[in-house]
**Q** 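What follows is a structure written as structure tokens; I'll ask about it next.
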There are 2 protein chains.
Amino acid sequence: MARLPIYLQVLLSATEVGTTTVSSDELASGAGFNSAKVRKDLSHLGSYGTRGVGYQVAELTAEISQVLGLGDDRPVVIVGVGNLGRALASYDGFARRGFRLVALVDADPALVGTEVAGHTIEPVARLHELVEERGIGIAVIATPAAHAQAVADAVTAAGVTAILNFAPTQLEVGAGVTVRRVDLSSELQILSFYEHLAAQFPAATG
Amino acid sequence: MARLPIYLQVLLSATEVGTTTVSSDELASGAGFNSAKVRKDLSHLGSYGTRGVGYQVAELTAEISQVLGLGDDRPVVIVGVGNLGRALASYDGFARRGFRLVALVDADPALVGTEVAGHTIEPVARLHELVEERGIGIAVIATPAAHAQAVADAVTAAGVTAILNFAPTQLEVGAGVTVRRVDLSSELQILSFYEHLAAQFPAATG
DNA sequence: CTTTGTGAAATCCTTCACAGCG
DNA sequence: CGCTGTGAAGGATTTCACAAAG
């Protein structure tokens with residue numbers, strides 16, 4: 001259900017505008033797919049729509065948030081405070097959606113002790129301790145690829161069950177741990193492929 | 001073919017280690033899926049493997065790079081030089097994989113004229129001109145959601161055919177333009193869901 | 001004996017189309 | 001009437017399993 005967060009976004013912007021009900025058609029165009037898919041997806045959560053009317057924005061927002069486990073703000077650690085880690089630490093989108101950054105960790109002794117986005121950077125050695133003490137369940141790995149596996153091992157050993165991996169490498173984790181990988185240069189390469197196509201066959205649709 | 005870049009990564013790390021041939025099994029475990037899928041994927045590119053041996057790392061790397069249109073370095077513009085834009089501008093992964101950052105653009109007059117990662121930030125008004133002059137085909141949008149559509153309109157009007165969108169919004173673009181969306185808080189929300197599950201049913205596998 | 005390449009089977013995902021509710 | 005909820009159809013993708021090649 002990788003689409004629920006997108007519905008949530010559409011619902012949030014509907015709330016801002018003051019809309020109180022949305023149809024599957026409106027959700028679909030806001031989210032970028034078709035209405036049948038929206039209804040199928042939402043029907044898996046139970047029956048929250050009213051025929052002839054649509055869905056209550058507030059009710060559906062609450063339901064999706066609950067399914068996603070949002071609301072009770074979730075402590076997150078960012079490991080690796082390079083350019084990307086720093087940007088993520090300062091990114092207010094996390095805070096606005098129910099996540100709370102509670103620790104920053106880096107291997108570089110020159111960075112440890114300095115402050116970024118209101119957090120003092122901690123050494124890798126304290127990772128286990130921090131995860132346990134602060135009840136961290138989600139870790140963001142923004143280290144170089146070579147260190148990513150060691151970090152994953154450390155955080156999962158300490159109790160983290162969900163990892164967002166920005167390092168361009170495949171992580172091995174035990175059962176019960178979920179990894180999502182975001183690979184920025186892969187994304188560009190895929191685009192490159194389409195641009196390549198577009199340049200060769202200007203008639204083709206991406 | 002969103003998996004080709006991942007194969008490419010595995011191949012690159014194989015090259016670093018000095019391996020000259022890989023089997024579909026090795027590629028599969030490096031990439032995180034199974035060998036049948038790898039072989040199906042690679043068979044679409046043509047027949048580059050040797051039965052009983054595997055694939056030549058160098059040959060396959062060249063072939064995938066060519067299909068993805070890499071090699072002839074591709075000019076990229078980043079629009080929006082906030083935390084994320086700045087991190088992307090400094091991210092060396094792009095340069096190392098055949099992309100060349102040729103312009104930075106921001107709407108904030110206070111930023112225009114300042115230097116980031118060796119590039120002088122240009123005003124939004126020059127966007128069209130920059131895209132045409134510098135032959136830019138790929139744009140990275142790292143602006144707030146409210147401005148993303150206007151930027152997309154501007155760059156596609158100027159000839160960009162591929163967009164990497166970090167703004168949490170659905171972009172409308174004409175035919176022939178490809179958009180890929182990377183939504184960091186969606187990723188965290190999806191993880192949140194799995195962590196939520198793991199916390200409730202410790203036995204279940206992610 | 002190992003590993004590719006590939007038809008066939010199985011599975012998953014999307015879209016259609018419409019009955020039924022409000 | 002409008003819109004949801006959902007079986008059924010249609011596509012696409014993944015996996016199986018094995019023949020053929022080195």
Side-chain angles (χ1 to χ4, degrees), chain A residues 1-8 10-11 14 19-64 67 170 178 180-181 186 190 193-194 197 204-206, chain B residues 1-8 10-11 14 19-64 67 170 178-181 186 190 193-194 204-206:
Chain A
M1 293 281 113
R3 287 186 299 261
L4 289 182
I6 298 184
Y7 297 137
L8 204 49
V10 179
L11 289 169
T19 321
T20 78
T21 66
V22 282
S23 67
S24 57
D25 257 319
E26 292 166 319
L27 273 174
S29 71
F33 17 86
N34 77 17
S35 63
K37 198 189 293 197
V38 172
R39 291 198 299 279
K40 258 280 145 73
D41 287 348
L42 297 185
S43 73
H44 287 308
L45 310 180
S47 207
Y48 289 91
T50 311
R51 289 161 197 242
V53 179
Y55 301 87
Q56 294 301 117
V57 172
E59 190 184 4
L60 192 54
T61 302
E63 175 61 20
I64 294 180
V67 170
Q170 168 70 14
T178 305
R180 287 188 69 89
R181 179 171 166 185
S186 279
I190 295 165
F193 167 69
Y194 287 112
L197 270 188
T205 299
Chain B
M1 292 281 112
R3 288 186 297 262
L4 289 182
I6 298 185
Y7 298 136
L8 204 48
V10 179
L11 290 169
T19 322
T20 77
T21 66
V22 283
S23 66
S24 56
D25 257 319
E26 292 166 318
L27 273 174
S29 69
F33 16 84
N34 76 19
S35 63
K37 197 188 295 195
V38 172
R39 291 198 299 278
K40 253 292 138 75
D41 285 349
L42 297 185
S43 73
H44 288 308
L45 311 180
S47 208
Y48 288 91
T50 311
R51 291 166 194 236
V53 179
Y55 301 86
Q56 293 302 117
V57 171
E59 190 184 3
L60 191 55
T61 303
E63 176 60 20
I64 294 179
V67 170
Q170 169 70 13
T178 304
V179 177
R180 288 188 69 88
R181 179 171 165 184
S186 280
I190 295 165
F193 166 69
Y194 287 112
T205 300

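Each chain gets a letter, A, B and so on, in the order the sequences are listed, and its residues count up from 1.
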**Q** What closest approach, in Å, do Val10(B) and Ala31(B) show between heavy atoms, and which atom pair accounts for it?
**A**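 Between these two residues, the closest heavy atoms are CG2-N, 3.9 Å.
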**Q** Measure OH/Tyr48(B) against P/dT4(C) and give the value in whole Å, please.
**A**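 The distance from OH of Tyr48(B) to P of dT4(C) comes to 16 Å, rounded to the nearest Å.
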**Q** Does the side chain of Met1(A) come within less than 4.5 Å of Leu45(A)'s, by heavy atoms?
**A**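 Of all side-chain heavy-atom pairs linking Met1(A) with Leu45(A), none is under 4.5 Å.
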**Q** For a side-chain contact (heavy atoms from CB on, under 4.5 Å) check, start with the C-alpha distance between Leu27(A) and Leu42(A), then their side-chain angles and the critical distance, and finish with the verdict.
**A** CA-CA 11 Å; Leu27(A) 273 174; Leu42(A) 297 185; 3.9 Å; yes
**Q** Hey, is the side chain of Tyr55(B) poking within less than 4.0 Å of OP1 or OP2 on dT2(C), counting only N and O atoms?
**A**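 False: Tyr55(B) side-chain N/O out of range (4.0 Å or more) of dT2(C) OP1/OP2.
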**Q** Rounded to the nearest angstrom, tell me the gap between atom CG in Asp41(B) and atom P in dT15(D).
**A**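 The answer, rounded to whole Å, is 11 Å.
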**Q** Calculate the interatomic distance between Asp25(B) atom CG and dG5(C) atom P; express it in whole Å.
**A**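 In whole Å, dG5(C) P and Asp25(B) CG are 14 Å from each other.
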**Q** Taking the side chain as C-beta and beyond, is there a heavy-atom pair between Asp25(A) and Val38(A) under 4.5 Å?
**A**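 They are not in contact (no side-chain heavy atoms under 4.5 Å apart), so the answer is no.
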**Q** Could you state the atom-to-atom distance from NE2 of His44(B) to P of dT4(C) in whole Å?
**A**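 In whole Å, dT4(C) P and His44(B) NE2 are 16 Å from each other.
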**Q** Ignoring backbone atoms, establish whether Ser24(A) has a side-chain N or O less than 4.0 Å from OP1 or OP2 of dT4(D).
**A**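 Checking dT4(D) against Ser24(A), a side-chain N or O does come within under 4.0 Å of OP1 or OP2.
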**Q** Report the distance from atom CG of Leu27(B) to atom C1' of dT3(C), rounded to the nearest whole Å.
**A**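 That distance rounds to 12 Å.
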**Q** Mind listing the closest non-hydrogen atom pair of Pro5(A) and Ala2(A) along with its distance?
**A**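 Minimum heavy-atom contact is CD-O, 3.7 Å.
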**Q** Taking N or O atoms only and anything under 3.5 Å, show me the protein contacts with nucleotides 18-22 of chain C, one pair per line.
**A**
{"unit_1": "dG20(C)", "atom_1": "N2", "unit_2": "Arg51(A)", "atom_2": "NH1", "d": "3.4"}
{"unit_1": "dG20(C)", "atom_1": "N3", "unit_2": "Arg51(A)", "atom_2": "NH1", "d": "3.3"}

**Q** Arg3(A) side chain: which of dT14(C), dT15(C), dT4(C) is closest?
**A**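 Looking only at heavy atoms from C-beta outward on Arg3(A), the closest nucleotide is dT14(C).
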**Q** Atom CD of Gln56(A) to atom P of dT4(D): distance rounded to whole Å?
**A**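 That distance rounds to 12 Å.
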**Q** Between Leu11(B) and Val22(B), what is the shortest heavy-atom contact and its length?
**A**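 Closest heavy-atom pair between Leu11(B) and Val22(B): CD2-CG2, 4.0 Å.
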**Q** Hey, could you give me each pair passing side chain to side chain donor-acceptor pair (under 3.5 Å) that has a residue in residues 54-63 of chain A? Not counting sequence neighbours.
**A**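 Every pair satisfying side chain to side chain donor-acceptor pair (under 3.5 Å) with a residue in residues 54-63 of chain A: Tyr48(A)-Glu63(A).
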**Q** Which whole-number value in Å describes the distance from Lys37(B) NZ to dT3(C) P?
**A**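 Value for this atom pair: 21 Å.
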**Q** Sort me out a list of protein N/O and nucleotides 7-10 of chain C N/O pairs below 3.5 Å, or just none if empty.
**A**
{"unit_1": "dG7(C)", "atom_1": "O6", "unit_2": "Lys40(B)", "atom_2": "NZ", "d": "3.4"}
{"unit_1": "dA8(C)", "atom_1": "N6", "unit_2": "Lys40(B)", "atom_2": "NZ", "d": "3.4"}

**Q** Between atom CZ of Arg39(A) and atom OG of Ser23(A), what is the distance when rounded to the nearest 0.5 Å?
**A**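 Going from the CZ atom of Arg39(A) to the OG atom of Ser23(A) covers 9.0 Å.
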**Q** Counting C-beta onward and ignoring hydrogens, is there a side-chain heavy-atom pair between Tyr7(B) and Asp41(B) closer than 4.5 Å?
**A**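 Tyr7(B) reaches Asp41(B) side chain to side chain.
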**Q** Once you round it to whole Å, what is the distance between P of dT4(C) and CD of Glu26(B)?
**A**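 In whole Å, dT4(C) P lies 9 Å from Glu26(B) CD.
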**Q** Categorize Phe33(B) for me: base, sugar-phosphate, or nothing, with a 4.0 angstrom heavy-atom threshold over every strand shown.
**A**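 The answer is nothing, as Phe33(B) stays clear of every strand by at least 4.0 Å.
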